[in-house]
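Before any comments, here is the structure.
Numbers restart at 1 for each chain; the letters A, B, ... are given by sequence-line order, proteins then strands. Atoms considered below: every heavy atom in the structure, side chains included; atoms not considered: hydrogens, waters and symmetry mates.
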There are 2 protein chains.
Amino acid sequence: MTVTLADVAARARVSPATVSRVLNGNYPVAAATRERVLRAVDELDYVLNGPASALAAATSDLVGILVHDIADPFFGIIAGAAQHAMVEGAPGRAGGEKLAVVCNTGGSPERELTYLTLLQRQRAAAVVLTGGAVDDPEHTAATAAKLARLTNGGTRVVLCGRPPVPGAAVTATLTFDNRGGARRLTEHLLSLGHERIGYVAGPAERTTTRHRLEGHLSAMRDAGLAAGLDRLTAHGSYDRRSGYDATLELLRREPGLTAIAAANDTVALGVCAALRDQGRRVPDDVSVAGFDDLPFSVDAAPALTTVRLPLHEAGARAGRLATGTEAPPPGGVATVGAELVVRSSTARP
Amino acid sequence: MTVTLADVAARARVSPATVSRVLNGNYPVAAATRERVLRAVDELDYVLNGPASALAAATSDLVGILVHDIADPFFGIIAGAAQHAMVEGAPGRAGGEKLAVVCNTGGSPERELTYLTLLQRQRAAAVVLTGGAVDDPEHTAATAAKLARLTNGGTRVVLCGRPPVPGAAVTATLTFDNRGGARRLTEHLLSLGHERIGYVAGPAERTTTRHRLEGHLSAMRDAGLAAGLDRLTAHGSYDRRSGYDATLELLRREPGLTAIAAANDTVALGVCAALRDQGRRVPDDVSVAGFDDLPFSVDAAPALTTVRLPLHEAGARAGRLATGTEAPPPGGVATVGAELVVRSSTARP
DNA sequence: TTGAAAGCGATACCAG
DNA sequence: CTGGTATCGCTTTCAA
């Protein structure tokens, strides 16, 4: 039925072992023999049996990239960069070809664990976890345990855009400066003279959410604006609708708002829409700030001030770390910057 | 070292065969025995060896989803819906768990073939190809051949958002009405009284590009506006920059344009940006039309008229077809609609 | 430089 | 309902 390595061997008049060696290219083989084998492969249109190979070699060429939401360009950009970095550094011939596969957890911690198990089952060569973690000790522990088992089994584990897990068995961690970025963003608004600044946070149980909120709050407190911060903060999820609804709520609580900072750009889009519908002009009446600086942000809200995360760079590094092309940073953890992007149209109060 | 099925069998004092049966749940096993086995699995923290299983069973639980650009929400939405539909219809227990993996081809036909080979190598259960195909007979043939080999090997093949390949070995094809949608879009602009309508097309070698362009041109011709259509058409890629550059070019050629239709929403964003920079207001001076109706479109360009493609629905169906949860449409091909969306210039979420 | 043969870990057929 | 066991296709010592 399907053509096997033995068939190729027969056709090339060599042993299966030799064919294997030619295909993997990790062993000396006479040029003439190799030539003969490759021809046979071509003629028979042979395709290696991955499972069999993985079983015998006890590793596969699969690399899993876990994302919260595949429809969100934030993750798309990271995943794309990671995948690209993997094929880049790979040996040309059939050898080191990594199959980068992105897995959509939908933000569900259970699904995340499920995927990790599935990848463990496949004996994945590496796993990249992107995006903030769930802020729950129990789940952190469960994840840490699973990751430990993965690394024990020889799978490389890379965290990208997720805080380091203290004593966890992880190859490398790339973390965004969410706290610092959020802090600088709010400081910028403060420097323009804003004082009544609303904040639309993400889902409460995410580290990203917490860190960004902490950055914002610390800036407010340091500016002597500690009073009533709760009233000026609304929680939601990381989507547009959430920004819309939260804005209406904030305006109800505090009609005198002159600026709103959002957990990310997508949320900021919803903020802008709500303000528009309420008859407030952005940025003339209310300044809006976002986070992530996704490509469409500039069109969607030219008035947006944002913090730019180096998504592409982080993804690429994660990819290289996963394939072992790049050495882990000292201590295993590296923080990639968060850069303030001030667009010309940000208004003063 | 790692715990195997035999270890579990020993601990549960049963044969490996029984353990396998319990795990796969596709064979009668006494409740007491099953109980004992499951406990052993738990206690030993056993994880099935995927490759070994795939080798023995001659199939894996991998499903590949090929996308042109993972950072483009167009594909993210389709892929997300497909993946979701797969886990939905799966048996709860360790059984039918499909590992949906999305593969980023970056729009390169070679990479597409590479991924297909890789998936064939993994003995994937199914493959979903999303997005337009490359409009080149040679590549069409190469792809068709590869797909034939996949289906021969028992892999289900689903095309989503890609035209049917005439005599190809494909399980099912879901195609968008790109031609009809584009035609209606332009007809709408015409009905508003526009006559000098520019068109920003996608990359020349894509079927999506060609079909949308054909729809536009046929509408123009039928309106008696056949003259100088070449001058009013600019080609580019499917990104924002491309829309920006093409718009400048079109305005240079024909400063009197009153409307511009773009190959997709992302391109339309670039069109709007260029118009803004040229001091033309949208939609007062120039009407802009897009395609796909991505979620951020409404914010990015509230004045945009678009054609909405049922991305979510198409993706979900593709997922079900890939897992066999849904029966293929009669003839193997189904066209999912394209709906005209006319916005007023203030948008709600 | 090449070949022979022993696994890798699960599945499924054939008995019982 | 349960147990033995022959594969599945490849990798990898060990010899030659």
**Q.** Below 4.0 Å: OP1/OP2 of C/dA10 and any side-chain N or O of B/S53
**A.** no
Q) OP1, OP2 of D/dT2 versus side-chain N and O of B/T33: anything below 4.0 Å? A)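 Yes.
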Among [options], which nucleotide has an atom closest to any side-chain atom of [X]?
X: A/S15; options: D/dT11, C/dA4, C/dA10; value: C/dA4
X: A/R21; options: D/dT12, C/dT11, D/dT11; value: D/dT12
X: A/A30; options: C/dA10, C/dT2, C/dC8; value: C/dT2
X: A/N24; options: D/dT2, D/dT11, C/dA10; value: D/dT11
X: B/A52; options: C/dC8, C/dA10, D/dT2; value: C/dA10
X: A/L55; options: C/dA12, C/dG9, C/dA10; value: C/dG9
X: B/T18; options: C/dT1, D/dT2, C/dT11; value: D/dT2

Q) Which part of the nucleic acid, if any, lies within reach of B/V19 when heavy atoms closer than 4.0 Å are counted: base, sugar-phosphate only, or nothing? A) nothing
Let me know the distance between [atom1] of [X] and [atom2] of [N], rounded to the nearest Å.
X: B/L23; N: C/dT11; atom1: CG; atom2: C1'; answer: 12 Å
X: B/R34; N: D/dT2; atom1: CZ; atom2: C1'; answer: 14 Å
X: B/L48; N: C/dG9; atom1: CG; atom2: P; answer: 12 Å
X: A/R13; N: C/dG3; atom1: CZ; atom2: P; answer: 11 Å
X: A/Q122; N: C/dA10; atom1: CD; atom2: C1'; answer: 13 Å
X: B/R123; N: D/dG9; atom1: CZ; atom2: P; answer: 8 Å
X: A/L5; N: D/dC8; atom1: CG; atom2: C1'; answer: 13 Å
X: A/R121; N: C/dG9; atom1: CZ; atom2: P; answer: 16 Å

Looking at side-chain heavy atoms only, is the closest gap between [X] and [Y] below 4.5 Å?
X: A/E112; Y: A/L129; answer: yes
X: B/V87; Y: A/T114; answer: no
X: B/E205; Y: B/D136; answer: no

Q | Straight-line distance of B/L174 CG to B/L159 CG, nearest 0.5 Å | A | 9.0 Å
Q) A/A17 or B/V47: which one's nearest nucleotide on DNA chain C is closer to the 5' end? A)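 With A/A17 and B/V47 compared, the 5'-side residue is A/A17.
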Q) Does the side chain of A/S15 pick up a donor-acceptor pair with the side chain of A/T18 at under 3.5 Å? A)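 Their side chains do contain a donor-acceptor pair, which is all the 3.5 Å distance test asks for.
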